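Below: the structure, in structure tokens.
First listed ligand is number 1; within each ligand, the first listed atom is number 1. This is a predicted model, so every value here is computed, not measured.
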Amino acid sequence: MNKKSLKDLSKILSKDSFITNDLDRIAKSADAGCYRKIPQIVICPKNEAELIACLKILHRDGIALTFRAAGTSLSGQAISDSVLLEARGDHWNKAEVLDGGARVRVQPGITGLRLNQILAPYGVKFGPDPASLNSAMVGGILANNASGMSCGVHANSYATLRAARIILADGTLLDTGCKESKAAFAKSHGGLLKELQLIREDILNQKDQKEKIQKKHSIKNTCGYGLNALVDFEDPFDILLHLMVGSEGTLGFISEACFDTIPLLKQRASSLVYFPNLRSACEAVPPLREAGIPAIEIMDRQALRAVENNPGIPAYLKDLGPEVTALLIDLLAENTEGLEAVIAKTRKILEGFRLERELEITTDPATIAAYWTVRKGVFPSVGGMRKPGTSVIIEDIAVAAEHLTEAAEAMRQMLDELDYRDAVIYGHVLDGNLHFIFDPDFSRPDELKRYENMIDRLTSMVVERFDGSLKAEHGTGLNMAPFVLREWGDFLYGIMKRIKKAFDPHGILNPDVIISDDPGLHLKHFKPMPLVDETVDPCIECGFCEINCLSEGYSLSARQRIVIQREIVRRRKTGKDPQKLIRAFREPGDASCAGDGRCALTCPLSIDTGALIKKIRSQANAEKPAAKFLGRWTAGHFRSVHRLIAVGLGMLGFMQKLLGNNGLKGLMSGLRQISGKRIPGWDSSMPIRLPQRALSQATKDEGKGRTGKRIVYFPSCINQAMGPSFDSRHDRPLVQVTVDVLEKAGYEVVFPENMRNLCCGTPWESKGFPDIANARSAELETALLKASAEGRDPILCDTSPCVYRMKRVMSDKLKIYEPVELIHDELLAQLQPKPLEGRMAFHITCTSEKMGIEDKFRKVAASCCTDPVFPEEVGCCGFAGDKGFMQPELNSWALRKLKPAVKEAREGFSNSRTCEIGLSRNSGLDYKSVMYLLDRCIS
Ligand SMILES: Cc1cc2nc3c(=O)[nH]c(=O)nc-3n(C[C@H](O)[C@H](O)[C@H](O)COP(=O)(O)OP(=O)(O)OC[C@H]3O[C@@H](n4cnc5c(N)ncnc54)[C@H](O)[C@@H]3O)c2cc1C
């Protein structure tokens, strides 16, 4: 890329939107597919004006670019070795609900999950429903014409799109919903509109070709351009708009789109139906389809086998016959009568089939969830079980209903003959959409040949035998580009080339995607998959973790951390010095990882990248004598650490009295700058020193009441050192409040011996000292076993992250509660709290989420306040133990959406003291433990 282009781009974009460093370029090289390209630069324009200005420069200089939304594509269409343009995140994720929910206008960087959250109160949802909906963004969904189990071709982007703001390769903006914009466009780009009309005429003049388009688009088809736009619409603006659907960023950028929504049907039933074999399962699909069943998913025997050992999977799966194939049927209706009618219809149809197990159609949400656990487990299980270092490939074909059975059988036969015997077949059979997954090892030359052979056979089978789609929903990408000609034939492929030329004459938009002259393109650019560590080796870089990774957009995301670690290993193996990359990784990769493990919650393979980062920290510590010394010293002199904290907080309290809040804040901010950010700043959400009498008083009263109903209370070391915030310094300390509440509930409170020396080990675990962490938790475990009479009495610890670790590493004999769980399971019934009036904000910590107590949290909140609010877009707070003191920027980034979401709330409540500091700091509310709330409700 020439210097002038770079200079001109850098003038338009802010520093953080113009990325040229190696680390970030490599980090962004991957989408979810099996290919990789490293962009020369990554640009992230923040609005249309910036984007248009960038496009004009790239167009002027003939520089290729690729757009990216969430980067979850599977066919290699969201990667670039030139310019990667990202449009996601806070600048591109607005949505406006129109006409009482009938329509919605959205920006391209909003996820399907968020969009549906916004639409849900209106009783409607977004039409397209790819399985990746939670992570995928509207720009990518629209540009791939992505679909899922029930939207078929009737509610996908093509069917529901009404208007869009489109920016062409030359930077021209067209708003198809605006008369003036269309008029201006007709003047400036009359040639493009004329060409579209001519193309349409050429197609209409060839009846067989027109019918071919109609037939091929009567089923799902994302191979090549959506030529149906030229048949279904006459107005060139409508044609242009609908050609954008499925164009994979090769025709222009969609900066806003207006969609019709579809009704959200709330009454649901499901059934997992087992047929003797693939054939009989497929044969049941047409009658079910005719009966209007909204979703039918197939899983062949290999797919069922892949999930049979997963948690929550019915045990009988292992005993099914060798060819048993399941259909998962979803039934939906507006009301119960409607649902009963569909259930009856379904029963009647299935009566005509031999089933391996008795038919059970359930409306029980837990059973429905269990059925879907089977289906959702297929991809992760195959991905997780694959041989280390191999790729995961998902093929994605569709055939018309009448060919489904034959096609499924032919597919199985082909896979067996090519010795892909473990490949699993599953898919959305309602729409004739079949997937198969296998795990080739592209580092072996013979594997490449086998893959080439497979794609060739697949193409012949799908195109020549069944006249189906080579890509039903995942997009053509560079993976299928060499085969578009075979699927569509010379005439229609020629039409596609004309379309590309008319929109993008210089061919700068996503070159080689959809249209390519390279017949071997699908066999190049494979992603290297070197082994890094068993914790992350199964990762396919799909990016599903990113919606839960708090540093995404701030530094690196969990996926990007893995990509970089793989590149480091690759460099080592190929003799290239990785040191520069290792150094570059430290701050954005290591230091800014909260290690909260939330990435694992949305990862299909449950990969906790935080665990890898902790291992990296541990390896780094092993090489640093000073770090090792500090780790050991703090563990061996815990009382002294407490005293130091107490002295520090005491001094701050004294200074605050002298200087006031603003004075102390300014002073500490200055000192922080001078120290190179080595000391924390200060604000009034910081804690005061815990008055020592608080602990002494609490422990002195130990065993008060002697009711015989004992509970062991272990205040976390944080709550033994830190008092309430400066803002609420007149409150009683948490330890006292907790003891009072427990006693009101009739408990005799006892404390573990030598409590002030005890810690669960979390601080050392997160800093990469696993041995010290384990020794510390073992010490605490011994004390808790003793205090609880070997687990007879329950134990309360007042800090959620500590309980999360304690539950993981300590004996099962111990019944350990964190506050919310204890309140929910025991205290609510005993204390019958009277809910306080007004709106209160609640924060579910990431460890509460990982312990699966969100519902209990919500119930506790609803029992203690009349208007609880749980901000939807706020996940982990990013305080991450003590990181929030030293890296408040990460904490502020993680909580950037908190303040507007809680603006009408009076107070905030959570279950982790350090999280509460960060929450208070970033919301303007005073956050404290839920124990305070309960205490007030029973006073
Ligand atoms: C585990 C897994 C399951 C999946 N399941 C499904 C499924 O069920 N159905 C399905 O259809 N797909 C599925 N996919 C594929 C993929 O998630 C979808 O196609 C998704 O819609 C891509 O969205 P994205 O935001 O990630 O887009 P990206 O991957 O970022 O981009 C997709 C394409 O859109 C272009 N693009 C992005 N933004 C714009 C824009 N604003 N304007 C113009 N072009 C743009 C890009 O250049 C690229 O060509 C799955 C993927 C994975 C990893």
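Of the polar atoms of R68, none of the N or O atoms is found under 3.5 Å from an N or O of ligand 1, judged by distance alone. Between S132 and ligand 1, at least one pair of N/O atoms sits closer than 3.5 Å. Note: no N/O pair closer than 3.5 Å links A143 and ligand 1 by distance alone. Ligand 1 has no N or O atom lying under 3.5 Å from any N or O atom of F379, backbone or side chain. For ligand 1, the polar-atom distance check against F544 finds no nitrogen or oxygen pair separated by under 3.5 Å.
In this structure, H217 has its ring center at least 6.0 angstrom away from the ring center of Y158.
Side-chain atoms of E546 and S557 include a donor-acceptor pair closer than 3.5 Å. Residues S17 and K46 bring a donor and an acceptor atom of their side chains to less than 3.5 Å of each other. For S270 and D330, the side-chain atoms include at least one donor-acceptor pair closer than 3.5 Å. In this structure, a donor-acceptor pair under 3.5 Å is present between the side chains of N310 and S381.
With hydrogens left out, the protein atom closest to atom 11 (O) of ligand 1 is E473 O, 2.8 Å, a heavy atom. Here the heavy atom of the protein found nearest to atom 15 (C) of ligand 1 is T72 O, 3.6 Å. At the top of the distance list for atom 46 (C) of ligand 1, counting protein heavy atoms only, stands F67 O, 3.0 Å.
For K182 and F237, the positive end sits near the middle of the six-membered ring, less than 6.0 Å away and at most 45° from its axis.
Ranked by closest heavy atom to atom 8 (O) of ligand 1, the top entry among A87, A131, A164 is A131. Nearest to atom 43 (C) of ligand 1 by heavy-atom distance, out of G252, P130, S147, S157, is G252.
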